[in-house]
Amino acid sequence: MQIHKNYSLKNLTTFQVEAFADQYIRFDRMDEIFGYLSDRPLENHRHLILGGGSNLLFVENFEGIILHPLLKGIEVIKERADHALVKAMAGENWDDLVEFTVARGYGGIENLSLIPGSVGASAMQNIGAYGVEVKSAIDSIEAISSSEQKKVTFDPNNCGFDYRFSHFKGDWKGQFIITAVVFKLLRKPDYVTHYSGVQETVDKIGPLNLENLRKAIIKIRQSKLPDPAEIGNAGSFFKNPVVSDTVLNDLLKSHPDMPSYLQGDNQFKLAAGWMIEKCGWKGKTIGRAAVHDKQALVLVNPGSATGREIFELSEQIKNSVIETFGIELKREVLVVQ
Ligand code: EPU
């Protein structure tokens, strides 16, 4: 366990903006978490549980405690004829887990290849890409209740999973420290290739199998999304809004080429990136913050942007999307201020 005062968070989030925390505590083992919580209940302290930092924007210094569990380990806990259970500790890098499962021929999360972040955070925000959401592969979630200081195991059906959302991000925020996630993966994979461009990219690589599907996803991501190791960003800054058929039909009258995706129940998902591009933001730099030139849904820190500058750019984008389309974009990134 490490405890630091007035600690720089710059290298702990993929946006790479400078912000200091009053206190930063890094845990490498479960017993350290229990030991810490029993000495100092968290209820009376402002605190934030940090994962891979890939979905977080600090707009100012954090007056409180940052808890950073970095528990490591991936193991196959059961292998049956049709499925395998793989347990990954929350501090594992998400893509290392995908690589591990693909190498063993276990299907279910290959479409989520290369998403930045940690295993714990993947469950918290129900990461998704190319037609798959992580919730469909989760068997159980292990956590520590910070108030009761005991282990709890969650059935995924009770976690309120939704589009980039779970109770861990909502009503349960700050109450549980996710320590591990158990995934149920298929030994005869159900390949998901319907998302635009996926099948075509696989075809150029070779036969459809887990390795080639992972390669295709990586190729698509790399062609559109900036690598956080090269340029600060947190993936999509906003969620794609979901609207009714009535709202969509109105929008189509003035914007006939607007993409939309049926979600069931007469609900349609709109492409926020398309709307932001239409408003002229793609590739634009405002001060030290910018909109990615290949994906307008991604805001980037090309070097020395502050969290405030990125946040203000996002507000300007929101306002112009409201003016042009009458749609209010909701942030996917957690803004801490
Ligand atoms: N589009 C544009 N201009 C842009 C960006 C997108 O016109 O600048 C259009 C595309 O041409 C396409 C549509 O918008 O018609 C959708 O674009 P894309 O396939 O790139 O996906 P997205 O809706 O922008 C979502 C997720 C991504 C995920 C991809 C692939 C959200 C908020 N974002 O993006 O997730 O990788 O689909 O499944 O749902 C993330 O959550 O951080 C993330 C990167």
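We number each residue from 1, following the sequence as shown. What you see is a predicted model; the values in this text were computed from it and never measured. Start at 1 and go down the list; that is how both ligands and their atoms are numbered.
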_Taking only non-hydrogen atoms of Tyr261, do any sit less than 4.0 angstrom from ligand 1?_
yes
Close approach of Arg221 to ligand 1, heavy atoms, under 4.0 angstrom: yes
*Do the side chain of Asn111 and the main chain of Tyr130 share a donor and acceptor less than 3.5 angstrom apart?*
yes
Less than 4.0 Å from atom 11 (O) of ligand 1, is there any heavy atom belonging to the protein? no
protein heavy-atom neighbour closest to atom 23 (O) of ligand 1 works out as Asn240 ND2, 2.7 Å
Anything under 30° is parallel, anything over 60° is perpendicular, the rest tilted; go ahead and classify His255 against Phe325.
tilted
The closest protein heavy-atom partner of atom 18 (P) of ligand 1 is Tyr195 OH, 3.5 Å
When distances are taken from atom 43 (C) of ligand 1, the protein heavy atom at minimum range is Ser236 OG, 3.1 Å
Taking only non-hydrogen atoms of Leu297 and a 4.0 Å limit, the atoms of ligand 1 in range are 24 (O), 32 (C)
Is the count of non-hydrogen atoms from other residues, nucleotides or ligands lying under 6.0 Å from Asn158 atom CG greater than 12?
yes
Logged contact type for Gln295 with ligand 1, heavy-atom cut-off 4.0 Å, is both
>> Donor-acceptor check, side chain of Asn233 to backbone of Pro226, threshold 3.5 angstrom: yes or no?
In response: yes
Please confirm whether Arg164 comes under 4.0 Å of ligand 1, counting heavy atoms of the residue only.
yes
ask   = Would Glu315 and Asn319 count as having a side-chain donor-acceptor pair, cut-off 3.5 Å?
value = no
A student checking ligand 1 against Lys282 at a 4.0 Å heavy-atom cut-off should list atoms 3 (N), 4 (C), 8 (O)
* Asked: Take atom NZ in Lys78; do more than 12 heavy atoms of anything else shown fall under 6.0 Å from it?
  -> no
The closest protein heavy-atom partner of atom 38 (O) of ligand 1 is Tyr130 N, 2.6 Å
(request) Examine Lys239 against ligand 1 and note whether any of their N/O atoms are separated by less than 3.5 Å. (result) no
The closest protein heavy-atom partner of atom 39 (O) of ligand 1 is Tyr163 OH, 2.7 Å
Query raised in the report: Will you find, in the side chains of Trp94 and Ser118, an N or O donor that is under 3.5 Å from an N or O acceptor?
Result: no
Taking only non-hydrogen atoms of Ala271 and a 4.0 Å limit, the atoms of ligand 1 in range are 13 (C), 14 (O)
the protein heavy atom lying closest to atom 7 (O) of ligand 1 turns out to be Trp274 CD1, 3.3 Å
inquiry  = Take a 6.0 Å sphere around NZ of Lys169 and say whether it holds more than 12 heavy atoms from other residues, nucleotides or ligands.
reply    = yes
Logged contact type for Phe238 with ligand 1, heavy-atom cut-off 4.0 Å, is backbone
Distance-only N or O hit between ligand 1 and Lys224, under 3.5 Å:
yes
Exercise. Quick check: are there more than 12 heavy atoms from other residues, nucleotides or ligands sitting under 6.0 Å from NZ of Lys219?
Worked result: no
### Query
What about Leu297 and Val335, same hydrophobic cluster or not, with Ile/Leu/Val/Met/Phe/Trp/Tyr joined at side-chain heavy-atom distances under 4.5 Å?
yes
Next item on the list: Would you check if Asp162 and Asn126 make a side-chain contact, meaning some heavy-atom pair closer than 4.5 Å?
Entry: no
If we number the atoms of ligand 1 from 1 as shown, the ones under 4.0 Å from a heavy atom of Gly235 are 42 (O)
The closest protein heavy-atom partner of atom 3 (N) of ligand 1 is Glu277 OE1, 2.6 Å
One finds that the ligand 1 atoms under 4.0 Å from a non-hydrogen atom of Ala129 are 36 (O), 38 (O)
Point to revise | Glu79 versus Tyr106, side-chain donor and acceptor atoms under 3.5 Å | key: yes
*asked:* Please report whether ligand 1 has a polar contact with Ala296, defined as an N or O pair separated by less than 3.5 Å (distance criterion only).
replied: yes
When the ring planes of Tyr7 and Tyr24 are compared, do they come out parallel, tilted or perpendicular, using 30° and 60° as the limits? parallel
